[in-house]
Number of protein chains: 2
Amino acid sequence: MIEDYESFREDLRLSTENIIREVYHENRDRISIKTETTVVRNLTRIIESTLRLANSKGFHAMTLRDLCADSGLSMGGLYSYIRNKDDLIHLIQSHGFIITRKTLSHYIAEAKTVQERLYAAIKAHLYLSELMRAWFYFSYMEVKSLPAPDKRDAIAIELEIEDIFLSVIKDGISNGTYRLQNARLVASMIKALLQDWYLKRRKYRDQAISVEMYANFISEVIERYLTPPPPNGIHLTK
Amino acid sequence: MIEDYESFREDLRLSTENIIREVYHENRDRISIKTETTVVRNLTRIIESTLRLANSKGFHAMTLRDLCADSGLSMGGLYSYIRNKDDLIHLIQSHGFIITRKTLSHYIAEAKTVQERLYAAIKAHLYLSELMRAWFYFSYMEVKSLPAPDKRDAIAIELEIEDIFLSVIKDGISNGTYRLQNARLVASMIKALLQDWYLKRRKYRDQAISVEMYANFISEVIERYLTPPPPNGIHLTK
DNA sequence: GTCTATATAGGGATAGAC
DNA sequence: GTCTATCCCTATATAGAC
């Protein structure tokens, strides 16, 4: 069962170092340094700096000199963690993929009713993107410039996420919880609304909307749209 | 009153050349060529090629040599229309701003009831972004890398658009058409859904959703969310 | 493991011929 | 008004010292 945002945050915080370690092992062939603790420390810096710089000026506009200045490594030092600039992308992508897959599947599975599952999926995605906003933003903005294999992966994971929503909605329709509707279109809509949260974070901050409020808002919009009209013949839209 | 998509398209087609002409006059100081017909012809090519290339690989990753190859101009030729690469952005931005302002205000003003106005605004925005998808996509993706003044303009026009929706919703709430809700949040949502149409165009094409279908879908979602419950005490959500 | 110094190419920008 | 040839800087990438 998915808890409140604060416990979610705490859970995730504990696992981040493990994830960097996994990133290291997955990219061993590209990294010439052998001491694990050193690698983890520097990879963390590199990933953080890359996300910060790429998200503010664009990945291609960020120079490796910028990155060195921001992360505290030298050019030579940096190049013992990557073979070329594109490897940075790969590093970032593996990092996010690992976390996203683990987290979403973990939190969504357990809920019982269709409504609960939908709400859980929305919350898990929002909470995750709130904590990993930089990664989600990067992935969205840079897909088009990713090297082909990374691009395929990025598109695949997008689809996985959309399918989570799609299957919940379909279940709801077939068991009568929801009225008959174009399920895929509704799933698309949910995804667009979830994406807006991390793409336009400032907009919501300015309005003082918290992540919990936004989760409730989306859920209510969807429930109102999908809930069948009451049986006595009263219809909502004229 | 806003008509169907086809007539909308026809209306707009007629005015595009005039708009390029306006772009020329607005950027006279940066363009060293004097023959209007020549300028209009070449500006058209330049704008089209820039949008195509920048949208596929990112503005910063697009080289001016790419642009010359695609547009058919030489480097020297190109440089009689711009002073530097950033001027390209400015060209593109003025082009879109002029069209967007003109079109939206033109189509939205006339509708009478709140529902009609909301529907008209949604349709006008969708139809416009369908016809000028490349521009909308570019503006969204490149805001962060725009030179400061262009960035301000881009943010300002975003706000103008959001305010159009905001004011319609507020009107609806105050005259009782809609139930009391956080109007700004609803306006944000509408905007996110409109943006998804041009940001993820392929997704909708794959689902065979036409622009008219999408307009109706969004409108229905919003109306269902904002319409007050019937007076006899039956509530929609449990 | 990390740094400084350097090689090399690619891209923005311009001069000047036609 | 448009082209070709060229300048020059910047950014990626590497060699080799410590």
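Chain identifiers are assigned alphabetically (A, B, ...) following the order of the sequence lines, protein sequences preceding nucleic acid strands; residue numbering begins at 1 within each chain. The shown structure was predicted, so the numbers you read here are calculated from the model rather than taken from an experiment.
- If you measure from atom CG of D66(A) to atom P of dT10(D), you get 13 Å, rounded to the nearest angstrom.
- Atom pair L88(B):CG and dG11(C):P shows a separation of 15 Å (rounding to whole Å applied).
- Salt bridge status for D87(A) with R83(A): present, with a side-chain N to carboxylate O gap under 4.0 Å.
- In this structure, E6(B) has no side-chain hydrogen bond (donor to acceptor under 3.5 Å, both in side chains) partners at least two apart in sequence or on a different chain.
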* What string of B, S and - do you get for nucleotides 11-18 of chain D, 5' to 3', when a contact is any protein heavy atom under 4.0 Å? -> BBBB----

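- Between the side chains of H125(A) and E130(A), not a single donor N or O lies within less than 3.5 Å of an accepting N or O.
- Cation-pi check for K200(B) over Y140(A) is met; the charged atom lies under 6.0 angstrom from the ring centroid and within 45 degrees of its normal.
- Residue E212(B) places its CD atom among more than 12 non-hydrogen atoms of other residues, nucleotides or ligands, all under 6.0 Å distant.
- Distance CG/L104(A) to CD/E160(A): 9.0 Å, rounded to 0.5 Å.
- Proximity of residues 25-43 of chain B to DNA chain C (heavy atom under 4.0 angstrom from any strand atom) is not detected for any residue.
- Using modelled atom types, no side-chain atom of D70(A) and backbone atom of S49(A) make a donor-acceptor pair closer than 3.5 Å.
- A donor-acceptor contact closer than 3.5 angstrom is absent between the side chains of N18(B) and S15(B).
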